[in-house]
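See structure below.
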Amino acid sequence: MTFQDLTPKKKIEHIWEYYRVHIILTLLVVFILGSWFYNAKLKPHKELFSGVGILSYHLPGEYDDILYEKINSELNLTDTNSEARIEYFYDDENEAAFFSSMIEKFLAMLLTGDVNIMIMDGDSIEAYAAEDYLLDLSLIYSEEELERLKDEGLLLSSSSELVSEEKYYAVCLKNSALMAELPNYDEEKSYIAVYGAVENTENPRKVLDVILNEEAE
């Protein structure tokens with residue numbers, strides 16, 4: 001008796017008997033690809049409240065995303081359709097070109113508005129300030145707030161021969177209890193700044209307040 005002579009039920013039993021491993025593996029691959037496609041293309045994503053880019057640091061996996069959870073919780077965004085996103089741009093000593101690709105990704109996200117807050121070391125912040133990338137903090141802080149931060153020695157500023165008035169562009173994170181919770185993070189030498197092309201300064205200001213331990217309104 002050939003396969004063609006079998007009844008439909010017997011044909012199914014025959015196929016399952018000899019090809020069940022292939023069938024299971026095929027279904028598994030289809031499920032994985034389907035899940036990926038749904039999450040990447042079809043699943044509704046939350047709107048961007050504000051994007052934070054942290055340079056030269058990668059949060060260890062066992063801590064999950066402690067910074068993401070705490071910021072969104074403090075801003076009461078956890079159960080809303082908006083979220084503050086955290087992106088880490090770091091080096092991999094095993095791949096020579098890894099960090100340069102990370103920098104390219106960082107700059108691309110700045111230009112597209114997916115990152116509008118940057119956290120990095122003082123020298124890097126100064127380099128971005130020299131290229132006029134950073135927002136003048138007087139646009140989001142009052143004179144009294146800037147004076148207080150200045151008196152506490154937390155502000156980085158610049159001026160020039162053409163513009164004598166100081167431009168404040170970054171705040172030191174050495175007093176941030178939130179950043180101090182991150183394992184192996186050097187908050188003493190790190191600064192936070194806002195990208196100058198940001199359209200909505202209210203949201204970044206609220207994120208800064210949380211990171212700097214100011215009360216978000």
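The figures here come from the full heavy-atom set of this structure, side chains too, leaving out hydrogens, waters and symmetry mates.
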Quick one: closest heavy-atom pair of M179 and I211, and the distance?
CG-CG2, 3.9 Å
Is it true that a side-chain atom of T80 and a backbone atom of L77 form a donor plus acceptor pair closer than 3.5 Å?
yes
Which value, rounded to the nearest 0.5 Å, describes the distance between L182 atom CG and I119 atom CD1?
8.5 Å
Would you compute the distance between atom OH of Y57 and atom OH of Y88 and round it to the nearest 0.5 angstrom?
6.5 Å
When rounded to the nearest 0.5 angstrom, what distance separates CG in L178 from OH in Y185?
10.5 Å
Take L55 and I103 through the test side-chain contact (heavy atoms from CB on, under 4.5 Å) and record every step on the way to the result.
CA-CA 9 Å; L55 203 65; I103 292 296; 3.7 Å; yes
Has N72 got a side-chain atom pairing as donor or acceptor with A84's backbone, closer than 3.5 angstrom?
yes
Mind jotting down which residue pairs meet the salt bridge (Lys or Arg N to Asp or Glu O under 4.0 Å) criterion with at least one end in residues 75-84? Sequence neighbours excluded, please.
E83-R85
Under the side-chain contact (heavy atoms from CB on, under 4.5 Å) test, which residues partner D132, sequence neighbours left out?
K167
Is L27 linked to V30 within one hydrophobic cluster, defined over Ile, Leu, Val, Met, Phe, Trp and Tyr using a side-chain heavy-atom separation of less than 4.5 Å?
no
Evaluate the side-chain proximity of M118 to L134: yes if any heavy-atom separation is below 4.5 Å, no if none is.
yes
For the pair R148 and E152, evaluate salt bridge (charged side-chain N to carboxylate O under 4.0 Å, His left out) and give the outcome as yes or no after the intermediate values.
CA-CA 6 Å; R148 178 177 60 79; E152 294 175 3; 3.5 Å; yes
All heavy atoms of P204 vs all of V194, minimum pair found to be CB-CG1, 4.2 Å
When you compare the side chain of L110 with that of Y133, does any pair of heavy atoms fall below 4.5 Å?
no
Please enumerate all residues that pass side-chain hydrogen bond (donor to acceptor under 3.5 Å, both in side chains) together with K150, with sequence neighbours excluded.
E166, Y168
Please tell me if the side chains of C172 and L156 come closer than 4.5 Å, counting only heavy atoms from C-beta onward.
no
Run through the side-chain heavy atoms of Ile, Leu, Val, Met, Phe, Trp and Tyr, join any pair under 4.5 Å, and report what else lands in L25's cluster.
V21
Within-4.5 Å side-chain heavy-atom neighbours: N116 and V52:
no
With heavy-atom distances below 4.5 Å as the criterion, would you say the side chains of M120 and Y191 are in contact?
no
Output the distance between atom CD (E199) and atom OG1 (T201), rounded to the nearest 0.5 Å.
11.0 Å
With side chain to side chain donor-acceptor pair (under 3.5 Å) as the criterion, how do E187 and S190 come out once you've worked through the C-alpha distance, each side chain's angles and the decisive distance to 0.1 Å?
CA-CA 5 Å; E187 68 277 3; S190 296; over 6 Å; no
Only pairs at least two apart or in different chains count here, so list each side chain to side chain donor-acceptor pair (under 3.5 Å) that has a residue in residues 118-128.
D121-S124
Is there side-chain contact between E87 and K105, with at least one heavy-atom pair below 4.5 Å?
yes
E104-S101 side chain donor-acceptor pair, cut-off 3.5 Å
no
Indicate yes or no for a side-chain donor-acceptor contact from N213 to the backbone of N175 under 3.5 Å, with no hydrogens or angles considered.
yes
Distance from S157 atom OG to L149 atom CG, nearest 0.5 Å?
12.0 Å
Is there a side-chain contact (heavy atoms from CB on, under 4.5 Å) between I192 and L212 once you walk through the steps?
CA-CA 9 Å; I192 188 168; L212 294 168; 4.3 Å; yes
Should the pair E202-K206 be classified as a salt bridge under the 4.0 Å nitrogen-to-oxygen rule?
yes
Would the distance check show the side chain of K46 and the main-chain N or O of T78 forming a donor-acceptor pair, the cut-off being under 3.5 Å?
yes
Sequence neighbours excluded, which residues qualify as side-chain contact (heavy atoms from CB on, under 4.5 Å) partners of E181?
I66, K70
I want to know whether F106 and F89 have ring centres closer than 6.0 Å.
yes
Side chains of V115 and S50: does their closest heavy-atom pair fall under 4.5 Å?
no
Closest heavy-atom pair and its distance - F49, N203:
O-ND2, 3.1 Å
Should we count CG of D151 as having more than 12 external heavy atoms under 6.0 Å?
yes
Can you give me the closest heavy-atom contact between S56 and F99, atom names plus distance?
OG-CZ, 3.9 Å
Atom CG in L173, atom CG in L154: separation rounded to 0.5 Å?
9.0 Å
When every non-hydrogen atom of A170 is compared with those of I125, the smallest separation belongs to CB-CG2, 3.6 Å
Please answer whether the main-chain N or O of L48 pairs with a side-chain N or O of S82 as donor and acceptor at a distance below 3.5 Å.
no
